[in-house]
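What follows is one structure encoded as structure tokens, with my remarks underneath.
Every chain is numbered from 1 and lettered A, B, ... according to where its sequence line falls, protein lines coming before strand lines. Note that the structure is a prediction, hence the values are computed from the model and not measured.
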Amino acid sequence: MASTSSSTPAAEVEERGRKRKRAAGAAEPAAPAQPSKWRTRREHEIYSSKLLEAIRLVRAGPSSSASGAAAPAPPRGWAVREAADRALAVAARGRTHWSRAILASRRRRLQAAHRARPRAPASPSSRHDAAAASASAASASAAAKGTATPPLARKAKVLGRLVPGCRKLSFPTLLAETTDYIAALQMQVRAMTALAEALSAVSATSSSFSPP
Amino acid sequence: MSSRRSSSRGNISEDEINELISKLQALLPSSRRRGSGQASTTKLLKETCSYIKSLHREVDDLSDRLSDLMSTMDHNSPGAEIIRSILRS
């Protein structure tokens, strides 16, 4: 099982730096990193520690920056989901459209929350921001017209809505983004499942130790 | 891998699209069961959409579960250290 991540992390970083230099000359950035990178043990570990930190921050008090309510609310499910998505986007190292869209929308929502009420609507504003971010990022959107027949274009639109920040991408780019996004989601599910199992094992053990 | 950069200039070659599609198909769970050669692209996209939706649902469920566990975990702070060591091993 250890043969999947045979190259050392230092060599991986170096290789990516070389690829980035080569791709800097091209008009459009190269295709996102191989989706198989989401299967390496190293990525899993990196994401797991990021996830733990993010969840800890969530637990420390999402309402600390709010109107100063006395009782800190327990972390809601959506807060954990936001933290997990954000950790996933950070782990992608910003080379895919969907990861940039997640980080951009979250930053904008946080800024809006600091100005106005702490509770900002999640989905409409994030979709709107995601569309704006993708419009500025994707330069190949003009080529979208000729690559898909109508029924395919409908499905591609639905897919573009599902993957954050990919509504206006060309068909091939959308496919590449989707591949990476699915692989990343799979890793997210694996990591969160492991974390949940570990947490429930810990709390089960501790409850059995506590005196009746 | 593919050194042909025909991306933003003219039409993307169909080969590249097919290559992307087959990569996507390799990720989907259904491809492991059937070992099918070529499903139609429309069906593939539809399956991809439903797969992403189910992954989202799964992440939501796990988030709820984790938030419940986190709230009950306040009593034992060394638990987080244990978990980190478990995840690393």
Side-chain angles (χ1 to χ4, degrees), chain A residues 26-28 30-31 35 44-45 48-49 52 55-56 58-59 74-85 139-140 142-143 146-147 151-152 155-156 158-159 162-163 170-173 175-176 178-179 181-183 185-186 188-189 191-196 198-203 206 210, chain B residues 1-2 5 7-14 16-17 19-21 23-29 40-56 58-76 78-80 82-89:
Chain A
E28 201 182 68
H44 190 114
E45 286 172 4
S48 299
S49 20
L52 204 55
I55 292 189
R56 265 210 190 146
V58 164
R59 209 181 65 158
R76 308 294 303 275
W78 62 264
V80 176
R81 168 84 200 265
E82 291 283 320
D85 282 346
S139 57
T147 51
L152 216 53
K155 298 271 184 314
V158 173
L159 193 57
L162 279 176
V163 183
S170 66
F171 191 58
T173 315
L175 285 180
T178 307
T179 313
Y181 187 56
I182 289 186
L185 278 182
Q186 287 171 340
Q188 186 180 29
V189 165
M192 288 177 77
T193 311
L195 187 57
L199 272 180
S200 50
V202 164
S203 51
S206 71
S210 62
Chain B
M1 203 166 119
S2 62
R5 295 283 163 84
S7 37
S8 55
R9 210 75 62 74
N11 286 330
I12 319 267
S13 76
E14 198 156 329
E16 290 181 4
I17 292 192
E19 193 178 323
L20 287 171
I21 290 184
K23 264 200 229 167
L24 183 58
Q25 189 180 8
L27 280 178
L28 295 180
S40 83
T41 312
T42 322
K43 277 216 189 317
L44 208 58
L45 283 188
K46 192 168 166 183
E47 207 168 318
T48 307
C49 291
S50 57
Y51 186 49
I52 291 185
K53 282 187 210 161
S54 76
L55 282 177
H56 280 171
E58 205 168 337
V59 170
D60 280 336
D61 288 343
L62 283 171
S63 303
D64 285 336
R65 199 171 147 199
L66 276 177
S67 69
D68 287 341
L69 283 171
M70 296 301 292
S71 54
T72 59
M73 212 191 80
D74 276 331
H75 310 300
N76 40 351
I82 299 177
I83 288 166
R84 196 178 293 147
S85 62
I86 290 177
L87 289 173
R88 282 217 192 103
S89 61

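Contact count against chain A (heavy-atom pairs under 4.5 Å) is highest for Leu20(B) among Asp64(B), Thr41(B), Leu20(B).
Considering CD1 of Ile182(A) and CD1 of Ile52(B), their distance stands at 4.5 Å, rounded to 0.5 Å. Summarising the geometry, atom CZ belonging to Phe171(A) is positioned 5.0 Å from atom CD1 belonging to Ile21(B); distances are rounded to the nearest 0.5 Å. Taking OG1 of Thr42(B) as the start and NZ of Lys155(A) as the end, the distance is 6.0 Å to the nearest 0.5 Å. The structure places NZ of Lys23(B) at 10.5 Å from CG of Leu175(A), a figure rounded to the nearest 0.5 Å.
Within the 4.5 Å cutoff, the side chain of Ser200(A) has heavy atoms near those of the Arg65(B) side chain. Contact check for Leu195(A) versus Leu62(B): no side-chain heavy atoms found under the 4.5 Å cut-off. Residues Thr178(A) and Leu45(B) form no side-chain contact, since every pair of their non-hydrogen atoms from C-beta on lies 4.5 Å or further apart. Within the 4.5 Å cutoff, the side chain of Leu185(A) has heavy atoms near those of the His56(B) side chain. Inter-residue side-chain proximity for Met192(A) and Ser63(B) is flagged as met; some heavy-atom pair is nearer than 4.5 Å. Counting heavy atoms from C-beta on, the side chains of Gln186(A) and Leu27(B) come closer than 4.5 Å.
Smallest separation of non-hydrogen atoms from Ser67(B) and Val80(A): CB-CG2, 3.6 Å. When all heavy atoms of Cys49(B) and Leu162(A) are compared, the closest pair comes out as O-CD1, 3.4 Å.
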